[in-house]
Number of protein chains: 2
Amino acid sequence: MTSALLPDALARIAGEIDRAFDLLLPVPADARAKLVEAMRYAAMGGGKRLRPLLLCATASMYGVNREAAVRAGCAIESIHVYSLIHDDLPCMDDDDLRHGKPTLHLAFDEATAVLAGDALHDFAFEVLSDPATSADPFVRIELVRALGLASGWQGMAGGQMMDLVAETSEFDLPTVTRLQQLKTGALLGAAVEMGAILGRVPVEGRTHLRGYARDIGLAFQIVDDLIDHEGDAELAGKAVGKDAGAGKETFVSLLGAEPARQRAHMLVDQALAHLANHGSEADLLRAVARYIVERDH
Amino acid sequence: MTSALLPDALARIAGEIDRAFDLLLPVPADARAKLVEAMRYAAMGGGKRLRPLLLCATASMYGVNREAAVRAGCAIESIHVYSLIHDDLPCMDDDDLRHGKPTLHLAFDEATAVLAGDALHDFAFEVLSDPATSADPFVRIELVRALGLASGWQGMAGGQMMDLVAETSEFDLPTVTRLQQLKTGALLGAAVEMGAILGRVPVEGRTHLRGYARDIGLAFQIVDDLIDHEGDAELAGKAVGKDAGAGKETFVSLLGAEPARQRAHMLVDQALAHLANHGSEADLLRAVARYIVERDH
């Protein structure tokens, strides 16, 4: 593994995802233009593209055509972006800053932000259901199923609800763990799962990939809590110190900062162990796991 | 055709859709309970279930298994319900009343309403992608595609954006027609299309069904405008007189009430003509077309 593996992969996927959104979301010549401009504002030019990266890195282990993987990556990123738009709304987290830019409801208006989130939500399923993503309808419907289950009430949306309830409840460590597995982990898990679906890995061959995704998902959230606890808003590109302000229990508040950091490192070691039977084709997934505990934003 | 055909069909589908939501949305025993309770509050026990009715009526013309059609009906109704939840939000139409009950953001809170809408949005694709809807992955992915295109920026969400722009623009009749074809017509069209997909009607055999759906969709909206113009909030189960208040052009403001009513009747005649080559198996679609111009709420 060369040390440039991850930076190169991050730069590559960022360009590919921006180009895909640009191509797949042309601004129409009627009053819907404002909606599509809002979708593009939120979806393009920002974010680490971690979910598309995980999806493409997994797909490439199984020889998947890059264009198909990028399309599926664009779909999962659309779900991530829509969730951020709605999460940033005044009635939710009321955030002003996202990826270093004003949040969508400030750059446009609240009604447009609600609609643009909804339209990006559909866009994900539109992209996945298009035969350009895979000629095989079974692959396409499995992608839809994996993403739909990960984003709905059984996954991300359920985790977001638990997060709202957390403001007025005393959650213990198992409950916070469950909350985060749903809120962040479900979609990170879907990224890996979708790469495996494109690679036609049978369900029984995905166990180690699911283990990897579960571990890096929790490590990711612990590091997010550490960044929120200690971080720098300018570097993070979003508001920090919010969880303590909202009276929410986090891994840091429940464990303490140093034990939380140790737990994140342990989870990454465990994630790497899940990949032990893979050769160099899994080096990018390994680099992502290490990056997750080393990042500062 | 017996005169009880439509009332019987409406009562039947209402029961079936409520039972399907009840079965498919069990309240979990954790902090996600509030989310699922909000989804159930909005989705169950109200609404005419016109989209599931159209879907099931079309599917039954082609001998589709009823349970499969009701599942797909439940999916399209989820999209309709989610769009109403978000449309009723304070930053959108700010409505207090829906199906004669307090709107979801009043019965619960705004954040829960945003999330419950999002979760119902996913739920639609979750239900369609489940093998219980069809054993054939091609049928399932075609259902997803039809619904995704009808609800996203190219369809319903695009129409809602045009509707927001309409408050500050002077739209002419062709633009209002286009707006309504997207905002309401796209999903009504998808209902008929999805019935045909379940019935394995090839694309080239769906032209007359699409014509039928386009005509009843516009007629439906003209009658909605007439109800908003003349109607009774208690009967409508929602606020009326809103369009004039918001300074929006409608079919009624552009054409006048009586010519608008005549146009709705003409569209229904045209919709019936599209079904001319069908026998009694299309009687329910015919009854729906007639009902659309005769309803007062």
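Keep in mind it's a predicted model, so treat the numbers as computed, not measured. Below, chains carry the letters A, B, ... as their sequence lines are ordered, and counting in each starts from 1.
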With chain B, the option among A/Val139, A/Leu147, A/Val36 that has the most non-hydrogen atom pairs under 4.5 Å is A/Val36
Under 4.5 Å to a heavy atom of chain A? For B/Asp130 that would be both
CA sep, side-chain torsions, deciding dist, call: B/Leu89, A/Glu110, side-chain contact (heavy atoms from CB on, under 4.5 Å): CA-CA 10 Å; B/Leu89 286 169; A/Glu110 267 187 69; over 6 Å; no
- Message: Less than 4.5 Å apart, side chain to side chain, heavy atoms only: is that true for A/Pro28 and B/Trp153?
- Response: yes
d(A/Ile141 CD1, B/Asp136 CG) to nearest 0.5 Å is 10.0 Å
Tested for side-chain contact (heavy atoms from CB on, under 4.5 Å) against B/Ser129, the lone hit among A/Leu149, A/Leu128, A/Val144 is A/Val144
*asked:* Around atom CZ of A/Phe138, are there more than 12 heavy atoms from other residues, nucleotides or ligands closer than 6.0 Å?
replied: no
When the 4.5 angstrom heavy-atom criterion is applied to B/Met39 and chain A, the contacting part is side chain
Whatever's closer than 4.5 Å to a heavy atom in chain A on B/Leu25 counts as side chain
Bottom line for B/Leu182: the part with an atom under 4.5 Å from chain A's heavy atoms is side chain
d(B/Tyr82 OH, A/His121 NE2) to nearest 0.5 Å is 8.0 Å
* Taking atom types as modelled and ignoring hydrogens, do the side chains of B/His86 and A/Asp118 form a donor-acceptor contact shorter than 3.5 angstrom? -> yes
Determine, step by step, whether A/Met162 and B/Leu35 satisfy the side-chain contact (heavy atoms from CB on, under 4.5 Å) criterion, reporting the C-alpha distance in whole Å, the side-chain angles of both residues, the deciding distance to 0.1 Å, and the verdict.
CA-CA 9 Å; A/Met162 290 180 77; B/Leu35 177 62; over 6 Å; no
Given B/Val165, B/Leu179, B/Leu115, the one with more heavy-atom pairs under 4.5 angstrom with chain A than any other is B/Leu115
Note: vs chain A, highest number of non-hydrogen pairs under 4.5 angstrom among B/Arg140, B/His105, B/Glu142 is B/Arg140
Minimal heavy-atom distance between B/Ala111 and A/Cys91, with the atoms involved, is CB-O, 3.3 Å
Assess the residue pair A/Glu126 and B/Gln154 against the criterion (side-chain contact (heavy atoms from CB on, under 4.5 Å)); give the C-alpha distance rounded to whole Å, side-chain angles, the decisive distance to 0.1 Å, and a yes or no. CA-CA 10 Å; A/Glu126 184 193 325; B/Gln154 303 183 63; 2.8 Å; yes
In this structure, OG1 of B/Thr112 is separated from CE of A/Met161 (nearest 0.5 Å) by 3.5 Å
* Ignoring hydrogens and geometry, is there a side-chain-to-backbone donor-acceptor pair from A/Arg32 to B/Gly159 under 3.5 Å? -> no
What one should report as the nearest heavy-atom pair of A/Asp122 and B/Ser151 is OD1-OG, 2.5 Å
Answer key: most heavy-atom pairs under 4.5 Å with chain A among B/Ala31, B/Gly148, B/Gly117 is B/Ala31
Okay, B/Leu164 and chain A: the region with an atom under 4.5 Å from a heavy atom over there is side chain
